[in-house]
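Remarks on the structure that follows.
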Protein chains: 2
Amino acid sequence: MSPKLPSTSRSLPIALIRAREGVMSPIRDMLSETDITEQQWRVLRVLSEFGTLDTTTLADRSSLLFPSLTRIAATMRDKGLLTQTRDEVDRRRQLIEITAKGQKIIDDRTGQTTQIVADFKTRLGSENYETLLDLLALLDPGSHD
Amino acid sequence: MSPKLPSTSRSLPIALIRAREGVMSPIRDMLSETDITEQQWRVLRVLSEFGTLDTTTLADRSSLLFPSLTRIAATMRDKGLLTQTRDEVDRRRQLIEITAKGQKIIDDRTGQTTQIVADFKTRLGSENYETLLDLLALLDPGSHD
DNA sequence: TCAGAATTATTAACATGTTAAGGAAATGCT
DNA sequence: AGCATTTCCTTAACATGTTAATAATTCTGA
């Protein structure tokens, strides 16, 4: 008498994937005219907001796995979007910093990005928008719940 | 005087990624004792729910891109989890069906899966859980909004 | 009927996701 | 000091995400 599985149409994992698709779609459109990916954009955003970061913190804040970030950072370094320097105090650590070229990519798109966010807030309504962020935070494993 | 970008800590894309991590974590744990991935599990779930499907419909319902599904289906066919047959009416189409071996993987884990879903409902509260699914649906591009 | 357009699926190429193994530097303990 | 442990990062190997190009089949309209 095992209970039936929920329909995939009301499945949380699938709903999250589809929502992400919907949210990323306009951002992807914006980035299509550049040479950077969605993940590289995320790295730029985090570096721009927090300044120089070590790799571990950067991975955490941009929600990337370490091995992915290793490759992405190497690519971005080669493109001149960021610099990597070794921490002289703790020589295991690497410090990553955005370059002027990287910052310009963000600055040139601040208006577009702001508009995209505003559109989603309008679509959901401000209150729902905040509610959604709060509910999503409850599912975040990094929130120590 | 361009407006400031929102902090990445209240960013919808990042919140969605992290939430997905949290939701998939116990499912990933469950699957770690098997030889199938999270995406292969999703394909099995959809095939089990809807029966024989053509590739396009299967890709849509399991939220996978076509090229990904091509590879995943080939892998799963080699593992004996599904069968692929050509549609005799429209010979462009391919029909995919779950095998008994594939169905068994789901059946053996119905209890665990149900428990995982129940845990999330408890964590959020039933009402919040439904609210979350509704809000996520608003962001789904497939919902013709 | 038949050439052009649309549909269905595959393949290619590169970036990322994911887990496991490995390497270098710091830390802790004796 | 010296060795095991831990931390930080890289590399490897394979699966998937993503976009573009291609092939096979069907559809459409003159």
Side-chain angles (χ1 to χ4, degrees), chain A residues 13-14 16-18 20-25 27-44 53-60 62-79 81 84-96 141, chain B residues 13-14 16-18 20-25 27-44 53-60 62-79 81 84-96 141:
Chain A
I14 290 184
L16 288 167
I17 291 171
R18 291 188 175 152
R20 189 165 118 72
E21 269 322 288
V23 169
M24 288 313 299
S25 178
I27 297 177
R28 233 194 275 282
D29 290 344
M30 176 181 77
L31 294 179
S32 69
E33 42 182 61
T34 74
D35 194 27
I36 67 174
T37 66
E38 171 198 328
Q39 288 82 356
Q40 291 169 12
W41 171 255
R42 220 154 68 218
V43 168
L44 288 181
L53 292 177
D54 64 294
T55 309
T56 300
T57 307
L58 177 55
D60 183 54
S62 54
S63 284
L64 290 169
L65 293 181
F66 231 98
S68 293
L69 183 53
T70 294
R71 285 176 306 207
I72 291 170
T75 303
M76 294 177 76
R77 168 173 38 72
D78 294 345
K79 286 185 186 170
L81 303 178
Q84 297 174 299
T85 53
R86 199 146 286 281
D87 184 331
E88 285 308 319
V89 178
D90 184 340
R91 299 181 52 76
R92 288 170 306 182
R93 287 175 189 252
Q94 194 166 85
L95 299 177
I96 300 185
Chain B
I14 289 184
L16 288 168
I17 291 171
R18 291 188 174 153
R20 188 164 120 71
E21 269 321 290
V23 168
M24 289 313 298
S25 178
I27 298 178
R28 233 193 273 283
D29 289 344
M30 176 180 77
L31 294 179
S32 69
E33 42 181 60
T34 75
D35 194 28
I36 66 174
T37 66
E38 171 196 328
Q39 288 83 356
Q40 291 169 13
W41 170 255
R42 222 154 66 218
V43 168
L44 288 180
L53 292 178
D54 64 295
T55 309
T56 300
T57 307
L58 177 56
D60 183 54
S62 54
S63 285
L64 290 169
L65 293 180
F66 231 98
S68 293
L69 183 54
T70 294
R71 287 175 305 206
I72 291 171
T75 302
M76 294 177 76
R77 167 171 40 70
D78 294 345
K79 286 184 186 172
L81 303 179
Q84 297 173 298
T85 54
R86 199 145 287 281
D87 183 332
E88 285 308 317
V89 178
D90 183 342
R91 300 181 50 74
R92 288 170 304 184
R93 287 175 188 251
Q94 192 168 88
L95 299 178
I96 299 184

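A note on names: the letters A, B, ... follow the listed sequences, proteins ahead of strands, and every chain is numbered from 1.
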With heavy atoms under 4.0 Å as the rule, sort B:T55 into base, sugar-phosphate or nothing.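 If one applies the 4.0 Å heavy-atom cut-off, B:T55 turns out to touch the sugar-phosphate alone, with no base involved.
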Could you tell me whether B:L64 contacts a base, only the sugar-phosphate backbone, or nothing, with contacts defined as non-hydrogen atoms closer than 4.0 Å?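 Here B:L64 touches the backbone only, sparing every base.
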For the atom pair [atom1] ([X]) and [atom2] ([Y]), what is the distance rounded to the nearest 0.5 Å?
X	Y	atom1	atom2	answer
B:L64	A:I17	CG	CD1	7.5 Å
A:L31	A:R28	CG	CZ	9.0 Å
A:L65	A:I72	CG	CD1	9.5 Å

If the condition is side-chain hydrogen bond (donor to acceptor under 3.5 Å, both in side chains), which residues does A:E88 pass it with, not counting sequence neighbours? A:R91
Donor + acceptor pair across side chains of A:S63, B:R18 (<3.5 Å): yes
Tell me: [atom1] of [X] to [atom2] of [N], nearest whole Å?
X	N	atom1	atom2	answer
A:L69	D:dC9	CG	P	9 Å
A:L65	D:dT16	CG	C1'	13 Å
A:F66	C:dA20	CZ	P	17 Å
B:L95	C:dT8	CG	P	12 Å

Quick check against the 3.5 Å criterion: does B:R20 have a side-chain atom that pairs as donor or acceptor with the backbone of A:L16?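 Such a contact is absent between B:R20 side chain and A:L16 backbone.
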Is a side-chain N or O of A:R93 found less than 3.5 angstrom from the main chain of A:R86, in a donor-acceptor match? no
Note: contacts of residues 28-40 of chain B with DNA chain D (heavy atom, under 4.0 Å) are B:T37, B:Q39, B:Q40
Crowded around A:D35 CG? As in, over 12 foreign heavy atoms under 6.0 Å? no
Does a side-chain N or O from [X] land closer than 4.0 Å to OP1 or OP2 of [N], or not?
X	N	answer
A:T70	D:dC9	no
A:Q84	D:dC9	no
B:T56	C:dA9	yes

A:R86 or B:S68: which one's nearest nucleotide on DNA chain D is closer to the 5' end? A:R86
Residue closer to the 5' end of DNA chain C, A:S63 versus B:T57 (nearest nucleotide):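 Nearest nucleotide further toward 5': that of B:T57.
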Identify each atom pair where a protein N or O and an N or O of nucleotides 20-25 of chain D are less than 3.5 Å apart, giving names and distance.
residue: D:dT25; atom: O2; partner: B:R92; partner atom: NH1; Å: 3.3

